Amino acid sequence: MCVSNPVLREYEMTMSNSTISTQRLALVTGGSRGIGAAICTKLGELGFHVFVNYVHNEEAANKVAQDICEKGGTATVLPGDVGSESDRRRMLSVIREYQRLDVLVNNAGITSVGRRDILEATEESWEKVFNTNLKGPFFLTQAIANEMIRWIREGRQPQGYIINVSSISAFAVSTNRADYCLTKAALAMMTQLFAQRLADEKIQVFEVCPGVIASDMTAPVKEKYDRLIAEGAWPIRRWGEPEDVALAVAALVQGYFPFSTGNRFLVDGGFHIRTL
Ligand SMILES: NC(=O)c1ccc[n+]([C@@H]2O[C@H](COP(=O)([O-])OP(=O)(O)OC[C@H]3O[C@@H](n4cnc5c(N)ncnc54)[C@H](OP(=O)(O)O)[C@@H]3O)[C@@H](O)[C@H]2O)c1
């Protein structure tokens, strides 16, 4: 368990496995910034104990956890590269101490390295993007699902939710981000595969599919998207905010969709609507 902020460390010490067992728990990968940070904040507000995962930016992750605590919630900062097998194992060993995880949000993601044209794309970028955006979420989901199944069967938690944050790049081509598009398209199938396999285990699996959202990821291409918005590239003429995606995740894990699984939930301002 890594809580480097003294305030949080003190808080952690007041928590024991027995007191937390009635509280719902959520792990958000890439929770330090952007969409993931907004999801952490929202789940904290809903009363979840939030594991705020990050890979590099410890300060930002601490800030997210601290904000949750200041609003009366609880959080643990959990470092780890989702693309690394040993890091995933270490993250899981921390969560195992709590014997419960109600929600996994596979949010961590990176864009194509250098945004190179498909004719110049490199294997190096492919490996990095696939590790982070697809292999990591797949094997993290596999590992967490096995634990969730056990905890549900033991009556430690009533059910589970797994949310995969994909992208409109799953169906809209960007020829300078082929590896990114491919991973996001594959996340849609991954959602359906796990949804099918886990339905009997009381675990629902959803894909949340954001459109263009203001974050560090889109900051380098801000001018391009400003122009597209002005031209009406999607019906709701504004940037999406991380909070827009967080609200969708919050809705899905509240239990309002008990007869649904494997769905794609678009948060894209209507970008997917085709017009003539
Ligand atoms: N922004 C958009 O327009 C948009 C649209 C559609 C989909 N999405 C998807 O939404 C998700 C979040 O995007 P964002 O815009 O919020 O990105 P962001 O602002 O760049 O933040 C990325 C987050 O992922 C973490 N991360 C990166 N690699 C990681 C790894 N290997 N292991 C663990 N954490 C890792 C980062 O941690 P550190 O802080 O430690 O670096 C950070 O918290 C991504 O999956 C992205 O593909 C974004």
Side-chain angles (χ1 to χ4, degrees), residues 27-37 39 51-57 61 78-92 104-146 162-198 205-213 215-221 242 245 249 262 264-268:
L27 164 61
V28 181
T29 68
S32 47
R33 290 183 287 125
I35 293 170
I39 295 171
F51 293 100
V52 181
N53 163 254
Y54 72 97
V55 63
H56 295 123
N57 205 330
L78 192 58
D81 177 348
V82 295
S84 152
E85 202 267 333
S86 56
D87 282 14
R88 289 193 302 273
R89 204 163 349 103
R90 204 166 31 74
M91 286 160 64
L92 196 62
L104 163 65
V105 184
N106 284 310
N107 164 78
I110 55 170
T111 193
S112 190
V113 181
R115 296 181 192 246
R116 296 166 76 113
D117 179 78
I118 192 167
L119 297 180
E120 307 291 335
T122 64
E123 290 194 31
E124 198 187 350
S125 172
W126 176 288
E127 272 164 27
K128 211 165 170 223
V129 172
F130 269 73
N131 267 353
T132 306
N133 294 9
L134 188 62
K135 191 191 86 174
F138 181 91
F139 287 104
L140 185 64
T141 297
Q142 181 195 66
I144 296 274
N146 276 307
I162 294 167
I163 312 284
N164 299 318
V165 179
S166 65
S167 168
I168 51 173
S169 296
F171 58 87
V173 298
S174 294
T175 52
N176 63 341
R177 292 185 295 135
D179 42 14
Y180 182 79
C181 293
L182 288 163
T183 59
K184 295 300 183 178
L187 271 185
M189 177 52 79
M190 183 181 125
T191 299
Q192 296 193 34
L193 286 162
F194 279 110
Q196 168 72 34
R197 179 62 183 82
L198 299 175
V205 187
F206 296 109
E207 175 192 351
V208 168
C209 187
V212 173
I213 308 294
S215 75
D216 292 344
M217 185 180 277
T218 46
V221 281
V245 185
V249 172
R264 166 179 287 172
F265 194 93
L266 285 146
V267 187
D268 66 347

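These values consider heavy atoms only, across backbone and side chains, with no hydrogens, waters or symmetry-generated copies. Nothing here was measured: the structure is a model prediction, and the numbers come from that model.
- Atom-to-atom distance recorded for E127:CD and K135:NZ is 9.5 Å, nearest 0.5 angstrom.
- Using a 3.5 Å distance cut-off with no hydrogens or angles, the side chains of D179 and S125 do pair a donor with an acceptor.
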>> Would T122 and R116 count as a side-chain contact (heavy atoms from CB on, under 4.5 Å) here? Give the steps.
In response: CA-CA 8 Å; T122 64; R116 296 166 76 113; 3.8 Å; yes
>> Using side-chain contact (heavy atoms from CB on, under 4.5 Å), reason through R264 and F171 one step at a time and then give a plain yes or no.
In response: CA-CA 12 Å; R264 166 179 287 172; F171 58 87; 3.4 Å; yes
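- Atom CG of N106 sits about 11.0 Å away from atom OG of S166, to the nearest 0.5 Å.
- Side-chain atoms of D87 never come within 3.5 Å of backbone atoms of G83 as a donor-acceptor pair (strictly under, hydrogens ignored).
- Between the side chain of K184 and the backbone N or O of V165 there is at least one donor-acceptor pair closer than 3.5 Å.
- Within a 6.0 Å radius of CZ in R197, other residues, nucleotides and ligands contribute 12 heavy atoms or fewer.
- The CG atom of N176 sits 10.0 Å away from atom CD1 of I118, with the distance rounded to the nearest 0.5 Å.
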>> With side-chain contact (heavy atoms from CB on, under 4.5 Å) as the criterion, how do C209 and S167 come out once you've worked through the C-alpha distance, each side chain's angles and the decisive distance to 0.1 Å?
In response: CA-CA 5 Å; C209 187; S167 168; 5.5 Å; no
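- Atoms OH and OG, from Y180 and S112 in turn, are 10.5 Å apart once rounded to the nearest 0.5 Å.
- Residue K128 qualifies as open at atom NZ: its count of foreign heavy atoms under 6.0 Å is 12 or below.
- Taking CD1 of I144 as the start and CG of L92 as the end, the distance is 5.0 Å to the nearest 0.5 Å.
- Between the side chain of T29 and the main chain of N107, a donor-acceptor pair closer than 3.5 Å is present.
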> Please walk me through it: do M190 and N164 pass side-chain contact (heavy atoms from CB on, under 4.5 Å)?
Replying inline: CA-CA 9 Å; M190 183 181 125; N164 299 318; 3.7 Å; yes
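- The closest donor-acceptor contact from the side chain of T132 to the backbone of V129 lies at 3.5 Å or more, if one exists at all.
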